[in-house]
Amino acid sequence: MKFYSINNPTIQTSFKNAVIAGIAPDKGLYFPESITPLPADFFENIEQFSNQEIAFKAIHQFVNEDIPDEALKEIIANTLDFDFPVVQIEENVATLELFHGPTMAFKDVGARFMANCLGYFSKGEKQDVTVLVATSGDTGGAVANGFLGVDGVSVVILYPSGKVSEIQEKQLTTLGQNIEAMEVDGTFDDCQRMVKTAFLDREITDHKKLTSANSINVARWLPQMFYFLFAYKHAKSKGKELVFSVPSGNFGNICAGMVAQRLGMPCKQFIASTNVNDVVPKFMENGIYEPLPSKATISNAMDVGDPSNFVRIRHLYQDDFALLKEHLSSFSFSDEDTRTAMKAVHAQTKYVMDPHGAVGYLGLKKYQDSEPNTYGIFLETAHPVKFLDVVENSLGLSPEIPPQIKKVMGKEKKSVPISSYDDLKHFLLADH
Ligand SMILES: *Cc1c(COP(=O)(O)O)cnc(C)c1O
C-alpha cells in the first residue's frame with residue numbers, strides 16, 4: 001500500500017518511507033491510498049480473536065508490503081502486552097481504560113508500535129534515525145519508554161522546564177541509553193518551534209536522518225484504531241447501537257477510530273469531546289475552521305488550538321460537511337464542567353475519572369440526551385494518578401500510585417538544559 005500527501009495525492013511513498021520521513025515533502029500529512037473493509041464474518045466472530053489477532057488483521061493491509069507477516073506479529077506482540085478493560089459505570093455508559101501501559105497514557109500503543117517499526121526498518125541501515133519530539137507532558141514519557149533500547153534509533157525529547165508534572169519529568173529524564181532529554185528554558189510552544197526549525201535546517205538534515213514521533217506520523221496514528229476494535233469486541237453483546245466519545249486534542253485517536261469504522265466496524269457515531277479549546281466543535285456548528293492560540297486547562301494534553309489530524313478526518317469525508325455531520329458530533333466543556341462531572345461520577349459510582357476521561361464522559365452524556373437508546377463508550381486516556389493535583393483537589397482523595405510510576409519516582413533525573421535553538425543545533429550536530 002502507498003501513502004499519499006493529503007495536499008497532493010500524486011506525492012506517494014511506501015509505509016516505510018512515510019514512517020521514516022514523518023511528513024510528506026510538501027508538508028502534507030500522509031494518508032493510506034485505500035481502506036478495504038474486512039470481511040463481515042470478522043466482526044460477527046470478533047470475540048473468538050485475541051487482541052493481537054485483531055490488531056494484525058486490522059493493520060495488515062496498510063503495512064504488508066513493507067513488513068512481512070512474522071515480523072508484524074512480533075511488532076504487535078511487543079506493542080500489546082497489557083490489558084484494555086471496558087468498565088461499565090452506568091446503564092449504557094462504559095469507559096475503555098487505555099492507561100494500563102508502561103507510562104499509563106494511551107499514547108503507549110502508538111509510541112511502541114512506531115518504535116518497533118523504526119527498529120525493524122533500521123536493521124541493516126548504516127545511518128541511525130534520530131527521533132526529535134517536543135512534549136507538553138505525556139508524549140515524552142510514552143516515546144522515551146517505547147524507543148528505549150531500540151537499535152539504530154536515538155531519541156531527543158524537548159520539554160519546557162518547570163511546566164510538566166514531576167511524574168512526567170521523571171518518565172522522560174531517567175531512562176538513559178538512547179534517550180536524551182532537553183530541558184528547555186521556555187514554554188511548550190518554544191519547544192515545538194525549535195523542533196520545527198530543526199526539521200527545516202539543512203545543516204542538520206544533511207548530517208542526520210530526522211523524524212517526528214507525533215501523531216502526524218502514520219506509525220503512531222494508525223495503530224490507535226486497535227482500541228476501538230477491542231471495545232467493539234466487548235460491546236457487541238449489548239445489542240444496542242454503539243457510539244464512542246473520544247477526548248480529543250490533536251484528533252489522531254478519534255481519526256484512527258473512524259478508520260476502524262471504514263474497516264467495517266459497526267458503530268453509529270463518533271463524539272469528539274474537547275475542553276475550551278473548541279476549534280472543532282465550532283467548525284461542526286458552522287463549517288468555519290478557525291485555529292486559535294491554545295488556552296491552558298486542567299485537561300492539558302488536549303490544549304491544542306490547531307489540531308494537526310483534523311485534516312485527515314475532513315479528508316476521510318472528502319470535505320463533505322453534511323456527511324461528516326451525520327457521523328461526527330462535537331462538544332466542548334469548561335474546567336468547571338469537568339470537575340463537576342468527576343465529582344458526580346465518583347459520588348454515584350466510586351469510579352475515579354481523570355480530567356481527560358471526564359471530558360469524554362460529558363460529551364457522551366450530552367449526545368445520549370437526544371440518543372438515549374445507544375451504548376456509549378468514552379475513552380479514558382490517562383490514569384488519574386498522572387493528574388494527581390486535579391484529582392486530589394476535585395475529589396478530596398489520593399489515588400494509589402501504581403508500580404510503573406513508583407519505579408521511576410526514585411530514579412535520578414538527567415537532562416541537558418538549553419535556552420536557544422543554537423543550543424539544540426549544537427547538540428544535534430555534535431556526535432554522541
Ligand atoms: C494526547 C492525549 C489526548 C488527545 O489525543 P489526540 O489523539 O491528540 O486527540 C487525550 N488525553 C490524553 C491523556 C492525552 O495524553
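Just so you know, ligand 1 is whichever comes first in the structure, and atom 1 is the first atom listed for that ligand.
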Discussion item. Using a 4.0 Å cutoff against the non-hydrogen atoms of Met302, which atoms of ligand 1 qualify?
Written reply: 10 (C)
Practice prompt. Just jot down the ligand 1 atoms closer than 4.0 angstrom to any heavy atom of Gly252, in number order.
Written response: 6 (P), 7 (O), 9 (O)
Practice prompt. For His356, take its heavy atoms, then give the atoms of ligand 1 lying under 4.0 Å from any of them.
Written response: 11 (N), 12 (C), 13 (C)
Practice prompt. Run the ring-centre check on Phe188 versus Tyr159 and record whether the distance is less than 6.0 Å.
Written response: no
Discussion item. Taking 4.0 angstrom as the limit and counting only heavy atoms of Phe251, give me the atoms of ligand 1 inside it, by number and element.
Written reply: 6 (P), 8 (O), 9 (O)
Practice prompt. Kindly check if the number of other-residue, nucleotide or ligand heavy atoms within 6.0 Å of NZ (Lys163) is above 12?
Written response: yes
Fill in: Note: Arg314-Asp319 ion pair, threshold 4.0 Å (strictly below)
yes
Item to complete: Specify the protein heavy atom at minimum distance from atom 8 (O) of ligand 1: its residue, its atom name, and the distance to 0.1 Å.
Response: Asn250 N, 2.8 Å
Worksheet item: Under 3.5 Å, N or O to N or O, is Asp138 touching ligand 1 that way?
Response: yes
Fill in: For the student: nearest non-hydrogen atoms of Glu380 and Asp354, plus distance
OE1-OD1, 2.6 Å
Discussion item. Evaluate Phe106 for polar contact with ligand 1, using N/O atom pairs at a separation under 3.5 Å.
Written reply: no
Worksheet item: Looking only at distance, does Lys107 have an N or O less than 3.5 Å from an N or O of ligand 1?
Response: yes
Worksheet item: Hey, which atoms in ligand 1 end up nearer than 4.0 Å to a heavy atom of Asn253?
Response: 7 (O)
Response to the item:
Thr103 and Gln171 have their tightest heavy-atom pair at O-NE2, 3.4 Å
Item to complete: Please check if any side-chain donor atom of Lys268 sits under 3.5 Å from a side-chain acceptor atom of Gln261, or the reverse.
Response: no
Worksheet item: Within 45° of the axis and under 6.0 Å from the centre of the six-membered ring of Phe56, does NZ or CZ of Lys73 qualify?
Response: yes
Fill in: Shortest non-hydrogen contact between Ile179 and Phe147, atoms and distance
CD1-C, 4.1 Å
Worksheet item: Pro247 heavy atoms, cut-off 4.0 Å: which ligand 1 atoms fall inside?
Response: 4 (C), 10 (C)
Worksheet item: Polar-atom distance check: Asp354 versus ligand 1, any N or O pair below 3.5 Å?
Response: no
Practice prompt. Mark yes or no: Arg112 above the aromatic ring of Phe82, with NZ or CZ under 6.0 Å from the six-membered ring centre and no more than 45 degrees from the axis.
Written response: no
Discussion item. Just to be sure I read this right, does ligand 1 sit under 4.0 Å from the backbone of Ala105, its side chain, both, or neither, counting only heavy atoms?
Written reply: neither
Worksheet item: Near Ala382, which atoms of ligand 1 are under 4.0 Å from a heavy atom of that residue?
Response: 13 (C)
Worksheet item: Do any nitrogen or oxygen atoms of Gly249 lie less than 3.5 angstrom from nitrogen or oxygen atoms of ligand 1?
Response: yes
Item to complete: Please write down residue, atom name and distance for the protein heavy atom closest to atom 12 (C) of ligand 1.
Response: Thr381 OG1, 3.4 Å
Worksheet item: Does even one non-hydrogen atom of Ser215 get within less than 4.0 Å of ligand 1?
Response: no
Worksheet item: Taking the six-membered ring of Phe49, is the NZ or CZ of Lys57 close enough (under 6.0 Å from the centre) and on axis enough (within 45°)?
Response: yes
